[in-house]
Amino acid sequence: MAAIKPRVIYWFRTDLRLHDSPALKAALDLEPEVLWPIFTWDPHYVYQVKASPSRWQYILDCQQDLSDSIRKLNSKSKLFVIREAPQTLFPKLFSAWKATHLVFERDTDAYARERDKVVTDAAKKAGVEVITRYGRTLWDSDEIVVKNGGKPTMSITQLQAAGQKIGEVPKPIPAPDHLPDAGEVPINFDQDQASKTDDLNASYRSKADNTYRSIAGPKDDFAVETLEELGFPAATTPHRGGETLALQQLDKVMADVKYAATFRKPETSPASMEPATTLLSPNLHFGALSPRLFYWRAMQVVEKYGKGASVPPESLTGQLLFRDMYFAAQAAIGSPYIQTLNNPYVRFIPWHLPSKHDDADTGTMAISGKYHVDSPQADKWFRRWKAGVTGFPFVDALMRQLRIEGWIHHLGRHMVACFLTRGGCYVHWERGADVFEELLIDHEPASNAGNWQWLSCTAFFSQYYRCYSPVAFGRKWDKNGDFIRKWVPELKHLDAKYIYEPWKATQAALDDAGVQIEGDGLSDDGRDDIYPVAMFDFQERKSICLAAMKRAFSIGLHGNDEAVKNGSCLRKQGRQRWKDLMGTNGSDGDKDGGEHAGDAGHEEKHNLKGRNSGKRSRSKSSTVKEGPMDRHVRKLKA
DNA sequence: TGGGTAGTTGGCCTA
DNA sequence: TTAGGCCAACTACCC
């Protein structure tokens with residue numbers, strides 16, 4: 001009797017490509033009789049990951065392009081999108097399709113590991129062999145951790161040393177030139193419906209999510225979902241995804257040999273009208289582009305260019321090394337990596353708007369997406385920051401570009417992150433990370449949390465006295481303020497002398513530009529002749545924050561210290577200790593001396609146009625008056 | 001043990 | 001116009 005030929009389910013996840021896929025190669029090496037390329041439309045993502053329509057559009061682009069590419073290789077195949085949670089789907093699918101193997105690329109984040117364990121256990125039970133490979137980063141993140149002595153890679157030199165111990169980055173695997181037929185796809189089982197309660201994307205939808213109406217889509221053809229089905233309005237980003245476009249963009253970047261070979265990230269402009277960097281990050285995130293292909297193409301160009309080429313960490317390959325560093329740090333630290341609480345590597349700073357956590361009794365202590373409003377003033381600053389109406393034009397331009405395009409330059413991210421945390425608002429970096437998670441089309445959990453820790457000087461970086469100025473930093477790149485004129489049209493005609501600091505403009509200059517400086521911007525009705533008053537005096541805030549950071553560093557608590565975990569560092573005596581470094585005039589959060597005073601939770605109500613969420617502030621100015629706490633902090637500094 | 005130095009990407013002043 | 005030095009001083013790593 002002839003042996004049964006393998007019947008393979010290939011599960012695409014964060015590897016939406018055909019080129020350089022070690023897992024796909026492993027699947028094809030089985031010489032299967034049939035191979036089903038599938039994607040599970042997981043309700044965990046659809047309801048539990050908050051993302052703008054732009055990011056949803058991007059993942060749909062990637063899926064559609066992959067499906068088209070599969071079909072080009074074999075007209076009897078495509079990407080079969082199945083609309084159900086993988087945990088409940090696979091046990092049914094294994095038997096309905098008589099599969100012998102399940103193959104997928106390993107993933108490192110906490111949810112993925114948990115999900116894959118459930119699926120792998122179900123496969124074992126069904127007698128299905130599971131094969132996995134890893135190709136998301138240059139080196140296997142778990143292997144990097146081992147070579148780094150079991151510790152997270154907290155610097156680029158550690159990552160490089162660990163990588164060197166493993167050896168050369170694997171060379172990319174060419175895309176297959178053929179694919180087996182997909183087998184029959186009977187659905188002789190019921191679809192398990194996910195609960196739609198707690199849909200984090202509800203505020204974005206103009207209609208209900210319909211993607212789960214049928215397991216195989218509205219035409220029962222396993223088609224890729226559409227934004228329409230998701231109930232989302234059209235995406236605002238001009239950036240589109242997918243392997244085909246990613247490879248074209250990679251070719252374009254590498255064709256400019258001088259640009260690619262001498263690329264120095266710190267010398268690229270955050271205020272450029274056209275992106276000064278490669279814009280390949282969202283395709284790396286969704287797996288439409290292999291980092292190893294990117295790496296070796298960059299190495300080729302560097303070799304061709306010869307003397308004068310840039311080197312890590314500033315070069316193109318350096319950027320990929322940083323990505324590996326964050327992935328390996330996450331792999332070592334596990335689920336606390338994306339938060340402060342219970343994370344031994346992240347410094348505790350008593351920022352405003354700290355996260356609420358899931359029940360500490362169950363031991364999870366995970367951030368819940370909600371936060372304590374310990375200071376109404378800081379909360380307002382945060383909302384103005386998110387909406388791009390801080391009254392600091394360079395900050396607002398960047399935040400508006402982020403909201404519309406889902407992408408801003410890396411140094412622009414530095415600027416707004418420093419401003420929100422240690423260099424202005426003294427708001428918790430987890431609030432900023434939430435906003436980036438929602439709005440960035442290239443949001444990568446490992447890089448996002450890592451970079452927020454970096455910029456807030458709580459991990460990876462600690463030189464908190466290096467502070468970005470919302471005026472000087474932008475001006476260095478764009479003297480005339482063209483970038484501001486594009487994104488903050490209210491100031492389009494303002495004299496370049498005042499464009500970064502309109503509060504200094506004379507009335508005549510404002511009249512000439514046809515703009516008035518007024519209000520807090522949260523409740524305006526989209527008028528282009530009003531720009532908000534700056535929310536505070538930056539120099540004053542900077543020195544308050546700096547003094548507060550200095551004190552917090554000297555106390556030196558970290559996320560896993562008992563006093564942080566049980567909250568005692570903010571209670572009673574502990575609170576006294578922190579009281580003088582809360583970074584605002586602390587009167588508004590200090591009424592009862594208890595934990596997280598003024599706690600009201602918070603529901604997001606504001607977008608760029610304010611959505612009629614409140615009446616225009618009666619006060620002409622929202623400049624903060626100095627409070628007793630501020631004087632106290634200044635005394636500390638003196 | 002402890003002093004020296006390196007660390008992707010600051011601001012500001014001066015020559 | 002731009003390059004260099006100082007500011008005030010962090011952690012991690014090395015010898």
Side-chain angles (χ1 to χ4, degrees), chain A residues 148-149 151-164 262-272 275-278 281 298 302 309-326 329 344-349 392 394-395 398 408-419 421-424 447 450-480 500-501 537-543 545-559 581 634 636-638:
Chain A
N148 195 46
K151 290 182 182 162
T153 44
M154 299 307 287
S155 74
I156 198 66
T157 43
Q158 285 177 10
L159 183 277
Q160 283 173 299
Q164 218 151 36
T262 65
F263 182 93
R264 287 185 177 84
K265 181 70 153 278
E267 291 171 24
T268 58
S269 168
S272 173
T277 48
T278 66
S281 52
V302 162
S310 56
V311 292
E314 296 183 340
S315 62
L316 280 181
T317 52
Q319 308 313 304
L320 294 167
L321 294 174
F322 274 112
R323 184 172 175 273
D324 264 49
M325 177 187 82
Y326 288 130
Y345 291 87
V346 170
R347 198 172 277 283
F348 172 80
I349 310 276
F392 293 90
F394 190 54
V395 173
L398 287 162
I408 51 177
H409 186 278
H410 190 69
L411 292 181
R413 301 179 195 196
H414 281 207
M415 163 73 243
V416 298
C418 179
F419 184 86
T421 57
R422 65 186 168 85
S447 306
N451 277 311
W452 274 96
Q453 289 163 19
W454 184 301
L455 262 300
S456 63
C457 289
T458 50
F460 298 101
F461 182 72
S462 52
Q463 290 169 252
Y464 55 78
Y465 46 87
R466 291 195 175 169
C467 185
Y468 292 80
S469 154
V471 174
F473 188 69
R475 198 174 258 160
K476 183 166 80 183
W477 303 98
D478 174 19
K479 214 156 174 110
N480 192 46
Y500 285 92
E501 36 192 350
D537 178 306
F538 176 73
Q539 291 304 331
E540 186 181 298
R541 288 297 311 163
K542 180 182 152 184
S543 49
C545 287
L546 230 133
M549 289 296 286
K550 184 176 176 175
R551 185 78 196 285
F553 266 64
S554 75
I555 292 170
L557 286 171
H558 287 77
L581 50 87
R634 197 164 310 124
L636 265 178
K637 191 177 155 58

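Below, chain A is the first sequence line, B the second, and so on; all start at residue 1. On a predicted model such as this, the values are computed, not experimentally measured, just so you know.
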Would you tell me if any nitrogen or oxygen in the side chain of A/Lys550 comes within less than 4.0 Å of OP1 or OP2 on C/dA9? yes
Go through A/Met415 and A/Leu398 one step at a time and tell me if the side chain to side chain contact (heavy atoms under 4.5 Å, CB included) criterion holds. CA-CA 9 Å; A/Met415 163 73 243; A/Leu398 287 162; 3.9 Å; yes
Derivation and outcome, side chain to side chain contact (heavy atoms under 4.5 Å, CB included), residues A/Gln453 and A/Tyr345: CA-CA 10 Å; A/Gln453 289 163 19; A/Tyr345 291 87; over 6 Å; no
Answer whether the closest heavy-atom distance between the side chains of A/Val471 and A/Phe394 falls below 4.5 Å. no
In whole angstroms, how far is the [atom2] atom of [N] from the [atom1] atom of [X]?
X: A/Phe461; N: C/dA9; atom1: CZ; atom2: C1'; value: 12 Å
X: A/Gln539; N: C/dC7; atom1: CD; atom2: P; value: 18 Å
X: A/Met154; N: C/dC10; atom1: CE; atom2: P; value: 18 Å
X: A/Ile349; N: C/dT11; atom1: CD1; atom2: P; value: 11 Å
X: A/Arg475; N: C/dT1; atom1: CZ; atom2: P; value: 14 Å
X: A/Arg466; N: C/dG5; atom1: CZ; atom2: C1'; value: 13 Å
X: A/Gln463; N: C/dC7; atom1: CD; atom2: P; value: 16 Å
X: A/Phe553; N: C/dA8; atom1: CZ; atom2: P; value: 18 Å

When you measure from the side chain of A/Gln319 to the backbone N and O of A/Glu314, does any donor-acceptor pair fall under 3.5 Å?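 Side chain of A/Gln319 to backbone of A/Glu314, a donor-acceptor pair under 3.5 Å: yes, one is there.
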What is the nucleic acid contact for [X], judged by heavy atoms within less than 4.0 Å: base, sugar-phosphate only, or nothing?
X: A/Tyr465; value: base
X: A/Trp454; value: base
X: A/Gln319; value: base
X: A/Phe473; value: sugar-phosphate
X: A/Arg347; value: sugar-phosphate

Nearest heavy atom decides the nucleotide; on that basis, is A/Thr157 or A/Lys479 closer to the 5' end of DNA chain C? A/Lys479
Which nucleotides of DNA chain C pair, in dot-bracket form (Watson-Crick or G-U under 3.5 Å, | meaning another strand): .||||||..||||||
Go through DNA chain B in 5' to 3' direction and return only the first and the last nucleotide with some atom under 4.0 Å of chain A's heavy atoms.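 That gives a stretch of B/dG7 to B/dC12.
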Taking the same atom, [atom1], in [N] and in [M], what whole-Å distance lies between them?
N: B/dT5; M: C/dC6; atom1: P; result: 15 Å
N: B/dG7; M: C/dA8; atom1: P; result: 24 Å
N: C/dC14; M: B/dT1; atom1: C1'; result: 13 Å
N: B/dA6; M: C/dA9; atom1: C1'; result: 14 Å

Classify the ring geometry of [X] against [Y]: parallel below 30°, tilted from 30° to 60°, perpendicular beyond 60°.
X: A/Phe460; Y: A/Tyr326; value: perpendicular
X: A/Phe419; Y: A/Phe392; value: perpendicular
X: A/Tyr468; Y: A/His414; value: perpendicular

Step through the shown structure and confirm whether more than 12 heavy atoms of other residues, nucleotides or ligands are within 6.0 Å of CD on A/Gln463. yes
Intermediate values then yes/no, side chain to side chain contact (heavy atoms under 4.5 Å, CB included), A/Cys457 and A/Phe553: CA-CA 10 Å; A/Cys457 289; A/Phe553 266 64; 4.2 Å; yes
Is there a side chain to side chain contact (heavy atoms under 4.5 Å, CB included) between A/Cys418 and A/Arg422? Walk through the geometry before answering. CA-CA 6 Å; A/Cys418 179; A/Arg422 65 186 168 85; 3.8 Å; yes
